[in-house]
Amino acid sequence: DQNRRAQVLAARGGGDLEERLALYERQVGKLEELIPAAEEVAGLLDDISARARQTGVEVSRIIPEPPEAGAFYTKTSYEMVAVGEYHDVARFLTEIASLSRVITPVELEIELYDQAGYFPEYESPIQAGFRIETYVLPEATPGPTPAAAPAGD
């Protein structure tokens with residue numbers, strides 16, 4: 001009886017299963033478009049700098065951290081500090097998270113900027129320390145090299 005019910009359920013889910021699999025393949029394809037095959041550090045820094053200028057925020061520090069290899073992607077992180085007005089910093093973080101690749105600001109710490117005279121254009125500046133995490137497809141590793149043939153006599 002249980003086998004018959006399982007066969008009926010399998011027959012019902014057969015067409016749906018293929019449709020769901022196609023949907024998942026499309027979703028994974030879209031996700032991988034957001035994850036570059038190379039680090040693209042220069043482009044990433046240009047994008048972040050442009051967003052900082054656009055939102056009126058000063059980026060005072062970007063420190064790369066060692067990459068972390070994962071099963072499917074390599075995670076790269078950067079420690080950052082940005083100075084600006086509260087709402088401008090919030091817009092800046094939103095802009096970073098909205099770039100054309102997967103970037104996640106994490107570990108956000110906000111405090112009043114104690115050297116307000118350094119940026120006279122800001123009325124009440126804050127300093128936001130955070131990390132951004134982004135992902136890169138791992139480099140393809142070459143297959144094993146064939147063993148050298150033994151030398152003949």
In the structure I gave you, are the side-chain heavy atoms of Ile48 and Ile132 within less than 4.5 Å of one another anywhere? yes

Using the salt bridge (charged side-chain N to carboxylate O under 4.0 Å, His left out) criterion, which residues pair with Glu79? Sequence neighbours excluded. Arg61

Would you please name every residue forming a side chain to side chain donor-acceptor pair (under 3.5 Å) with Arg53, sequence neighbours left out? none

Kindly write out the residues that satisfy side chain to side chain donor-acceptor pair (under 3.5 Å) with Asp1, not counting sequence neighbours, or none if the list is empty. Arg4, Arg5

Apply side chain to side chain contact (heavy atoms under 4.5 Å, CB included) to the pair Leu108 and Ile110, showing each step before the final yes or no. CA-CA 7 Å; Leu108 176 64; Ile110 297 175; 3.9 Å; yes

Separation between CG of Leu93 and OG of Ser98, rounded to the nearest 0.5 Å: 10.5 Å

Would Val59 and Val81 count as a side chain to side chain contact (heavy atoms under 4.5 Å, CB included) here? Give the steps. CA-CA 6 Å; Val59 175; Val81 173; over 6 Å; no

For residues Pro105 and Ile96, report the shortest heavy-atom separation together with the two atoms involved. CG-CG2, 4.3 Å

Closest non-hydrogen atoms of Phe92 and Met80, given as atom of the first, atom of the second and distance, are CZ-CE, 4.3 Å

Between Leu112 and Val89, is there shared hydrophobic-cluster membership here, with clusters defined by ILVMFWY side-chain heavy atoms closer than 4.5 Å? yes

Tell me which donor-acceptor pairs under 3.5 Å the side chains of residues 124-131 have, and how far apart each pair is, sequence neighbours excluded?
{"residue": "Arg131", "atom": "NE", "partner": "Glu65", "partner atom": "OE1", "Å": "3.0"}
{"residue": "Arg131", "atom": "NH1", "partner": "Glu107", "partner atom": "OE1", "Å": "3.4"}
{"residue": "Arg131", "atom": "NH1", "partner": "Glu107", "partner atom": "OE2", "Å": "2.7"}
{"residue": "Arg131", "atom": "NH2", "partner": "Ser77", "partner atom": "OG", "Å": "3.1"}
{"residue": "Arg131", "atom": "NH2", "partner": "Glu133", "partner atom": "OE2", "Å": "3.2"}

Closer than 3.5 angstrom, by distance alone: can the side chain of Glu85 be matched with the main-chain N or O of Glu123 as a donor-acceptor pair? yes

Quick one: list whatever passes side chain to side chain contact (heavy atoms under 4.5 Å, CB included) with Pro64, sequence neighbours left out. Tyr78

Who passes side chain to side chain contact (heavy atoms under 4.5 Å, CB included) against Glu95, sequence neighbours left out? Arg51, Gln54, Thr55

